[in-house]
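Report on one structure; see the data block that follows.
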Amino acid sequence: MGSGTQIIPKDSRHAEVSGAGFAGLVAATALRQRGWSVTLHERGPELRALGAGILLWKNSLQVLKAIGALDDVMSQSMTPPFYETRMNNEVVSKEDFGGLPWRTMTRSALHEALVGAAMKSGVEIKVNSYVTSADPEGSLTLESGEIRRADLVVGADGVHSKVRDSIGFKQDRTESRDGITRLIVPRNRELLGPGDWDNVIDFWNLEPRVLRVLYIPCTKDHLYLALMSPKDDKEGSAVPINFGVWAENFPHLRPVLEPAAKIHGRYDGYITNVLDNWTTGSVALIGDSAHAMCPALAQGAGTAMQNAYTLAVASTASTGSMSDSLVAWESSERGITDRCQERSAYFAATRSMANGNQFTPTMLETAFYDPTEIGEHLV
Ligand code: 5PR
């Protein structure tokens with residue numbers, strides 16, 4: 001499956017996908033490119049990305065390549081020279097991941113590339129289409145009462161998934177003590193003073209107060225700021241951000257905190273959900289509905305896209321019962337996501353990313369994974 005030119009084989013199977021986020025768009029596109037007819041439901045009035053910026057690793061970049069969305073993403077993203085970690089503004093490490101492909105971008109750039117690929121492949125996209133429940137026998141029900149039957153039903157409807165909760169998948173849900181406000185601001189480089197401002201810089205302050213600024217350049221004009229504070233710190237978690245508090249703790253970042261304070265923003269706590277199963281009958285869950293995770297390893301969307309893609313491959317290969325194929329898909333793909341989720345939860349609980357040099361080969365297991373097995377060198 002090359003960049004854009006696909007031959008759509010005849011396949012009479014039909015998929016219904018709930019949720020046009022990163023997971024749903026990838027699943028819908030990869031299924032359509034394999035000959036399925038696909039309807040993708042988005043409950044919002046328009047297709048748009050939520051959130052601010054994102055960092056992607058090889059695992060999801062390979063998926064973008066496989067569905068023909070990589071070129072668009074490359075032109076609107078960058079690879080910073082280093083991932084730098086600082087404690088109290090002292091550099092503790094600079095990691096370059098030894099040639100492992102990784103890119104930073106705005107969430108809207110990624111979303112536009114995925115919508116473009118979905119449209120080009122011929123996915124039918126319905127906005128204002130609110131999925132309220134699903135049936136393992138193979139159907140989705142919309143708020144209007146309409147029942148949509150399918151050979152495969154995909155719940156890519158986020159951490160508060162209706163597909164999941166209407167069926168009653170068992171889950172274990174944990175909320176972390178920290179959370180984060182994420183914003184896109186102008187880079188204001190000329191105001192920042194001397195420094196390697198093209199690096200990702202993870203500024204940690206643990207004493208006397210836990211506050212952290214993750215500085216991620218996405219393009220020459222766009223900067224993604226993620227401002228972490230404990231939930232019980234009312235000032236640290238306030239939105240719009242409390243400029244006085246953040247500027248006092250990160251005085252060297254004033255030129256980018258100033259525009260950040262003018263945006264309303266949203267503070268999100270970290271949620272982790274671990275399900276007994278990701279599938280039942282003809283229904284499969286992908287992304288945050290199946291495995292919301294802490295953001296430390298920057299793999300929430302990455303694992304979502306990885307599992308969306310492998311789900312499309314596995315369900316296309318299915319010749320017998322869809323239910324058995326989905327069980328087999330989960331057992332082959334689940335381990336790597338579970339391990340990533342555990343490691344991300346560990347970093348969130350210990351805040352030990354602050355020590356620097358935490359991106360060991362083990363911690364990068366998911367980042368190195370190639371769910372497409374294309375094996376081409378990307379960047
Ligand atoms: N990495 C990225 C990120 O956005 C966050 C974290 C790490 C790219 C926060 O959203 O550790 O919290 C993190």
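Whatever order the structure lists ligands and atoms in, that order sets their numbers, starting from 1. As the structure is a computational prediction, the values presented were derived from the model and not from experiment. Sequence positions, counted from 1, serve as the residue numbers for this chain. What's counted below: heavy atoms across the whole structure, side chains too, no hydrogens, waters or symmetry copies.
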Would you mind checking which non-hydrogen protein atom is closest to atom 9 (C) of ligand 1, with the distance to 0.1 Å? Ile180 CD1, 3.4 Å
for atom 3 (C) of ligand 1, nearest protein heavy atom and its distance come out as Leu214 CD2, 3.5 Å
Among non-hydrogen protein atoms, atom 6 (C) of ligand 1 lies closest to Pro295 O, 3.3 Å
Just let me know how Leu297 lines up against ligand 1, side chain, backbone, both or neither, with a heavy-atom cut-off below 4.0 Å. neither
Among all the protein's non-hydrogen atoms, which is closest to atom 4 (O) of ligand 1, and how far away is it? Tyr224 OH, 2.7 Å
Is there a donor-acceptor pair closer than 3.5 Å between any side-chain N or O of Asn88 and the backbone N or O of Glu90? no
Under 4.0 Å, heavy-atom basis, I'd like to know which part of Ile216 is in contact with ligand 1: side chain, backbone, both or neither. side chain
How does Tyr270 reach ligand 1, if at all, at less than 4.0 Å between non-hydrogen atoms: by side chain, backbone, both, or neither? side chain
Verdict with reasoning, Glu333 to Tyr309, per side-chain hydrogen bond (donor to acceptor under 3.5 Å, both in side chains): CA-CA 11 Å; Glu333 295 300 322; Tyr309 185 82; over 6 Å; no
If we set the cut-off at 4.0 Å for heavy atoms, which region of Met228 has an atom near ligand 1: side chain, backbone, both, or neither? neither
Is any side-chain heavy atom of Gln299 closer than 4.5 Å to a side-chain heavy atom of Arg343? no
Can you sort out which atoms of ligand 1 are near Ala298, meaning under 4.0 Å from one of its heavy atoms? 1 (N), 2 (C), 8 (C)
